[in-house]
Engineer: 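One structure follows; several queries about it will come next.
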Amino acid sequence: TPIISIRDLTKTYANGFSALKGVSLDIEEGEILALLGPNGAGKTTMISIICGIVNPTSGVVTVGGHDVVKDFRQTRSMIGLVPQELTTDQFESVLNTVSFSRGIHGCKANPAHIEKVLKSLSLWDKRNSALRELSGGMKRRVLIAKALSHEPKVLFLDEPTAGVDVALRRDMWSLVSDLRREGVTIILTTHYIEEAEEIADRVGIVNKGELLLVEDKAKLMGKL
Ligand code: ADP
Ligand code: ADP
């Protein structure tokens, strides 16, 4: 059975704008899915609904068999979200930022796990540094560490490499493949076709609130 199931999902915002117009999709455990599409396509809306941050207008989404609206506590505890922007306190230390993150999941982190995550992201030596002392790349790593602090089964990365240089992009891509080796299911949004090509198993193309196509990467790249 798929770890995430999305059926006939729609979202019309309070201002009347239809951001999602009936999306259905299954995501298998352990896969890396890239949602590719231009700005405004509805990618962030889709992941915000799966993460339980935005309510759908209609349709059903389950994570690990639980409904993301009715059972949001259970589903949030299975999910880590890496947002586009760092919104945490820049004067706080790396260790505190990651440890005291409740984020969207609302559960407490285990110190031994935090140490492992910080080491795996090469952040352990910087654990006492304030975020504002870190480079842009290190700050992105902190966001990932925070999202992994409660050992999620599913990780969402919203535009992980928007506005980063080539070296950092490569770095992010290798981080994603390390996580997949640990069995984490990964969904990322991107508007870079090279990014989808480099790291995803499957690619979904989103445009104007619709999922136009979902295909194995190899097949899709043959068509483009
Ligand atoms: P919901 O329908 O989920 O209740 P709302 O329409 O009330 O969502 O908007 C939620 C938040 O998003 C509000 O704080 C609003 O200011 C903000 N928002 C409104 N329009 C946009 C937009 N075009 N893009 C991004 N955020 C927006
Ligand atoms: P993407 O992540 O693909 O860029 P989004 O899901 O952020 O797309 O946005 C899809 C569309 O929905 C955009 O046109 C955006 O302005 C609009 N939108 C996003 N949030 C809100 C909101 N809270 N209220 C009204 N419109 C919104």
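Whatever order the structure lists ligands and atoms in, that order sets their numbers, starting from 1.
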Engineer: If you measure from atom 4 (O) of ligand 2 to every heavy atom of Gly40, Ala41, Ser48, which option wins on shortest distance?
Structural biologist: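 It is Gly40 that holds the nearest heavy atom.
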
Engineer: List, one per line, each side-chain donor-acceptor pair under 3.5 Å for residues 187-197, sequence neighbours excluded.
Structural biologist:
| from | atom 1 | to | atom 2 | distance (Å) |
| --- | --- | --- | --- | --- |
| Thr189 | OG1 | Asp158 | OD1 | 2.6 |
| Thr189 | OG1 | Glu159 | N | 2.9 |
| Thr190 | OG1 | Tyr192 | N | 3.0 |
| Thr190 | OG1 | Glu195 | OE2 | 2.9 |
| His191 | ND1 | Glu159 | OE1 | 3.3 |
| His191 | ND1 | Glu159 | OE2 | 3.3 |
| Glu195 | OE1 | Thr161 | OG1 | 2.3 |
| Glu195 | OE1 | Trp173 | NE1 | 2.8 |
| Glu195 | OE2 | Thr161 | OG1 | 3.3 |

Engineer: With heavy atoms only and a cut-off of under 4.0 Å, state how Thr45 meets ligand 2: side chain, backbone, both or neither.
Structural biologist: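 It is both backbone and side chain that touch ligand 2.
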
Engineer: Show me which atoms of ligand 2 lie under 4.0 Å from any heavy atom of Pro38.
Structural biologist: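 Atoms satisfying the 4.0 Å criterion: 3 (O).
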
Engineer: Counting N and O atoms only, with roles assigned by atom type, does the side chain of Asn15 sit under 3.5 Å from a partner on the main chain of Phe17, one being a donor and the other an acceptor?
Structural biologist: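 Yes, because the side chain of Asn15 sits within donor-acceptor range (under 3.5 Å) of the backbone of Phe17.
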
Engineer: At the 4.0 Å heavy-atom cut-off, does Gly42 count as touching ligand 2?
Structural biologist: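 For ligand 2, residue contact (heavy atoms, under 4.0 Å) with Gly42 is present.
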
Engineer: Check step by step if side-chain hydrogen bond (donor to acceptor under 3.5 Å, both in side chains) holds for Thr57 and Thr10.
Structural biologist: CA-CA 6 Å; Thr57 302; Thr10 73; 4.6 Å; no

Engineer: Would you say that more than 12 heavy atoms from the other residues, nucleotides or ligands in this model lie under 6.0 Å from the NZ of Lys217, or not?
Structural biologist: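 Atom NZ in Lys217 is packed in, count exceeds 12.
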
Engineer: Could you tell me whether Glu133 and Lys126 have a side-chain N and a carboxylate O separated by less than 4.0 Å?
Structural biologist: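 No, Glu133 and Lys126 are not salt-bridged.
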
Engineer: Please list, in number order, the atoms of ligand 2 under 4.0 Å from a heavy atom of Asn39.
Structural biologist: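 Every atom of ligand 2 under 4.0 Å from some heavy atom of Asn39: 4 (O).
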
Engineer: Hey, which atoms in ligand 2 end up nearer than 4.0 Å to a heavy atom of Asn15?
Structural biologist: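 Every atom of ligand 2 under 4.0 Å from some heavy atom of Asn15: 25 (C), 26 (N).
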
Engineer: Which of the atoms in ligand 2, numbered in the order shown and given with their element, are less than 4.0 Å from a heavy-atom of Ala19?
Structural biologist: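 Those qualifying, in numeric order: 12 (O).
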
Engineer: Mark yes or no for whether Lys43, through its side chain, and Val206, through its backbone, hold a donor-acceptor pair below 3.5 Å.
Structural biologist: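 No: the side chain of Lys43 does not pair with the backbone of Val206.
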
Engineer: Taking distance alone, with no angle check, do Phe17 and ligand 2 share an N/O pair under 3.5 Å?
Structural biologist: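 It does not: no N or O of Phe17 is found under 3.5 Å from an N or O of ligand 2.
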
